[in-house]
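One structure below.
Protein chains get the first letters and strands the later ones, always in sequence-line order, with residue 1 at the start of each.
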Protein chains: 2
Amino acid sequence: MSDNQFNPLESLAFLTNRVGRLLSSDIRRRAGDDVEGLYSTHIGVLVDLWKQDGLRQQDLVTSVVKDKGTIARALDNLEKNGIVVRLADARDRRNKRIYLTPKGKTLKDTMLPHALASVNEVLEGISEEEVAICKKVLRRMYKRLSHSRQEHL
Amino acid sequence: MSDNQFNPLESLAFLTNRVGRLLSSDIRRRAGDDVEGLYSTHIGVLVDLWKQDGLRQQDLVTSVVKDKGTIARALDNLEKNGIVVRLADARDRRNKRIYLTPKGKTLKDTMLPHALASVNEVLEGISEEEVAICKKVLRRMYKRLSHSRQEHL
DNA sequence: AATTAGTAGTTGCGTTTGCAACGAAGAACG
DNA sequence: CGTTCTTCGTTGCAAACGCAACTACTAATT
């Protein structure tokens, strides 16, 4: 059996899966006590919120690519720990807006360095062009997959 | 807050995570009834076995990048469904070798086309060179992360 | 205005997951 | 040999996950 038959699969479907999981756990390992009780879903949510505060819960579902229920419970957890608050949108009360508390904003300063250190160390020696191309390919895959996903729901 | 601060993170740690998950579920969606009861871990295990039959259980743990227990239970499931068998290695009876049954080998023919179709469709319009670079970067990341992971266990 | 359809979020349920503690088998050392 | 150390696999447990059913609210149609 030829290995070539598997290369696209092996290299992309499963490599992305595995690299993604390893990166998350590497970041957690580095952050250690700083992220006590925070798991990869929480970190994913926080990264989005650090980027833009006040997102709707549904935005997080789309972006983190997990189930509504999973996100709802992750937010329960973050809210219970005083890291975010949920506020109903005045214009459309179906929506809830998620805001970082001061504690949530502080967490950014403690965690982000670990996350950046992890990524930088892993990418050391790889040229910026190559990294840029890799990102571009992944972004494209992401875009198409999330479209075709919505079509089939 | 500058977005640049997030780019490496957003693009790699989380993109890989999300693309990986989307790809798995896309493959499952395409395969439909053919993969009744098979989840992403099972598919990951099977892809490895299709590539090389008779792997040790530990090899799968390393390659699929999940916990020992997770793999043990995934194999319980696959064995119960008559897709693989576990045989103790005669030379070192701590090891168990995992072999595909005829049913497991047949499954390859039904599932692999779906998996390949998914990947090919998602990559359409992206040049082979770019895909190759993307793979190279991911492989490198994978290698480093799995090393640093073992060091810290 | 009333009915219908659609969207956002919550909750119950069964499965999967990672962690940690355990047992079994071999390796290394005296 | 016998003891200790390591490696591979299993199992208990609690947390996280996806799915599906449900509620609350809004939009569209009549």
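Spacing between atom CG of Leu55(A) and atom C1' of dA8(C) amounts to 15 Å, rounded to whole angstrom units. Rounded to a whole Å, the CG atom of Asp89(B) is 12 Å from the C1' atom of dG26(C). Regarding Arg93(A), its CZ atom lies at a distance of 14 Å from the C1' atom of dT23(D), rounded to whole Å. Here the P atom of nucleotide dA8(C) and the CG atom of Leu60(A) are 13 Å apart, to the nearest Å.
Checked by atom type and distance alone, the side chain of Asp53(A) pairs as donor or acceptor with a backbone atom of Leu100(A) at under 3.5 Å. In this structure, Thr106(A) contributes its side chain and Pro102(A) its backbone to a donor-acceptor pair below 3.5 Å.
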*Where along nucleotides 5-15 of chain D does protein come under 4.0 Å, by heavy atom, of base (B) or sugar-phosphate alone (S), with - for untouched nucleotides?*
-BBBBBBBB--
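Not counting sequence neighbours, the partners of Lys136(B) by the side chain to side chain donor-acceptor pair (under 3.5 Å) test are Glu130(A).
Residue-environment remark: CZ (Arg93(A)) stays at or below the threshold of 12 foreign heavy atoms within 6.0 Å.
The shortest side-chain heavy-atom distance between Lys66(A) and Val45(A) does not fall under the 4.5 Å cut-off. The closest side-chain heavy-atom distance from Arg56(B) to Lys96(B) is not below 4.5 Å.
When the nearest nucleotides of DNA chain D are assigned to Ala90(A) and Thr41(A) by heavy-atom distance, the more 5′-ward of the two goes with Thr41(A).
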